There are 2 protein chains.
Amino acid sequence: MTQLASPSPSVDRPDRFDRSRVDRFEVRRGELADAALETLGELGYARTSLREIAHKTEFSHGVLHYYFRDKNELITYCVRRSKEHCVTRYDEILASAASADDLAELFAEALTETMRVDTSTHRLWYDMRTQAMFEEGLRPTVVDIDRQLEAMISRVVNHYAVLRGRPLRVSQAMAYAVFDGLFETCLMRHIAGDECAAPRLRAESAQLLPMLVAD
Amino acid sequence: MTQLASPSPSVDRPDRFDRSRVDRFEVRRGELADAALETLGELGYARTSLREIAHKTEFSHGVLHYYFRDKNELITYCVRRSKEHCVTRYDEILASAASADDLAELFAEALTETMRVDTSTHRLWYDMRTQAMFEEGLRPTVVDIDRQLEAMISRVVNHYAVLRGRPLRVSQAMAYAVFDGLFETCLMRHIAGDECAAPRLRAESAQLLPMLVAD
DNA sequence: GGAATGTCTTGACAGATGTCAAGGGCGGGC
DNA sequence: GCCCGCCCTTGACATCTGTCAAGACATTCC
């Protein structure tokens, strides 16, 4: 897995040996990124302007160019930041699941919960992923995160197969693709106000997992 | 299924009893929409401007406001237009498939072919669908098309189950969701230049179909 | 205390965008 | 031959955008 925790530096930064300054710089960067994430989650990639982002902070719009080279660096940094916790979200479930059925239930529940709670984060991710189909510059970040998400789903599916004592019958990529399709579909309906989206995601993801292992 | 062939009229049009004028109006609308689709497929929803669209025609940018009320109507019209043939694409396969295995092969091949040939159209669709998560105004069109795509996949999957002589074990919505996930994933990789995307879609969609029916 | 450096604000720039009003030219109908 | 209505062009508008230079304020260090 490639490194993701610390997005690539690009703007001129304080001397790297001056710890406290570096820290303050990073902290402020993080604060601005969080404000940006709020706006991005509401408006999406295309409709979000730097002024709109700054408006959600106590600062003026110029400060963003002090902490980020340009809009692309800011947004890339934001999406990476928002996915940091996401890609290890189910690892504790793996450890705590006592049986295959147990794992399926816990996983389905966790999936549904994050759809409900982190709705805006997820739709921002799908937005950026789609934009990457048009804008080549976004692809490295998207491919990187995508790989980590695939790896995460793989861990779940593999562990499920082990607990079941049966081999998988799909590739890692395919397992990720079908779960992603299910999640995206339900997310869209959830956002559109469909009350059934969450229970459907819960039921159907729990149903999908057993289908991926041999009988 | 709701009607899709003739996108909703909104701009002031010629008197509807004057056939030849109406026809000419519709033809020109279609020509402009085709030009718009070319640009939209290249640049995506957000980056496409009306001037850019007009630049691909023999007309000036003002003409778009003569045939379409605003940008949203134009784009909605375009996406509906581009999906018209799409939603019945596999119906002839249903008629010609002699066996379940045959159907699976034909379907996988057709899916792969349209990914290769209609790449830009598909990515535009995913773009608009994602934008609809942020912009409520786009949702009616998206929901409408989505339902038709789901119905199309349903026809394929149901017919496969009949040919196999076994019941389906997933809902229509779920069948659509997993195929859509597979397709979208492969489309992204295909666009990113991954040579394996097409063969993978072919193999994995043929593999996915049998998994949806009981053994 | 003063200089230097880090942090942030202000204001402006150049360009792009959706929209629309005004008008030109052309063809068909009287 | 003239007029009217359709089709399209032109040019302008207000607004929004990313970017950046210049400078103000604060903090740190000698």
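Each chain gets a letter, A, B and so on, in the order the sequences are listed, and its residues count up from 1. Quick caveat, the model's predicted, so the values are computed rather than measured.
In this structure, A:Ile53 places its CD1 atom 11 Å from C1' of D:dG18, rounding to the nearest Å. Straight-line distance from the CZ atom of B:Arg69 to the C1' atom of C:dC20: 15 Å, rounded to whole Å. Between the CZ atom of B:Arg24 and the P atom of D:dG5 there is a distance of 16 Å, given to the nearest Å. The nearest whole Å value for the distance from the CG atom in A:Leu64 to the P atom in C:dT10 is 14 Å. The interatomic distance linking B:Glu26 (CD) with D:dC7 (C1') rounds to 15 Å, in whole Å. Here D:dC7 presents its C1' atom at 13 Å from CD of B:Glu31, a figure rounded to the nearest Å. As a whole-Å value, the separation of A:Arg47 CZ from D:dG18 P is 14 Å. Atom CZ in A:Arg29 sits about 16 Å away from atom P in C:dG6, given to the nearest Å.
When distances are taken from the side chain of A:Tyr66 to each of C:dG18, D:dC7, C:dG6, the shortest belongs to C:dG6. For A:Lys71, counting side-chain heavy atoms from C-beta on, the closest listed nucleotide (C:dC8, D:dG18, C:dG18) is D:dG18. Considering only side-chain atoms of B:His65, the nucleotide from C:dG18, D:dC7, C:dC8 that sits closest is C:dG18.
Cation-pi contact between B:Arg29 and B:Tyr77: present, with separation from the ring centre below 6.0 Å and deviation from the ring axis of at most 45°.
Nucleotides of DNA chain D nearest to A:Glu52 and A:Gly62 differ in position, and the one nearer the 5' end is that of A:Glu52.
Within 4.0 Å of A:Thr57, counting heavy atoms only, lies no atom of the nucleic acid at all.
For residues 43-52 of chain A, the salt bridge (Lys or Arg N to Asp or Glu O under 4.0 Å) pairs, not counting sequence neighbours, are A:Arg47-B:Glu135.
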Using a cutoff of under 3.5 Å, can you pull out all pairs of nitrogen or oxygen atoms linking the protein to nucleotides 12-14 of chain D, with atom names and distances?
residue, atom, partner, partner atom, Å
D:dA12, N6, B:Arg51, NH2, 2.9

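Of the possible polar contacts, none joining the A:Thr114 side chain to the A:Ala110 backbone as a donor-acceptor pair under 3.5 Å is found.
Ring centers of A:Tyr176 and A:Phe183: at least 6.0 Å apart, outside the cut-off.
Side-chain contact check for B:Tyr126 and B:Asp180: at least one donor-acceptor pair (N or O, by modelled atom type) lies under 3.5 Å. Residues B:Glu204 and A:Ser171 have side chains that bring a donor and an acceptor to within less than 3.5 angstrom of each other.
One finds a side-chain N or O of B:Ser49 lying less than 4.0 angstrom from the OP1 or OP2 phosphate oxygen of C:dT17.
Checking each of B:Thr76, B:Leu74, B:Ile75 against B:Phe68 for a side chain to side chain contact (heavy atoms under 4.5 Å, CB included) leaves exactly one that passes, namely B:Leu74.
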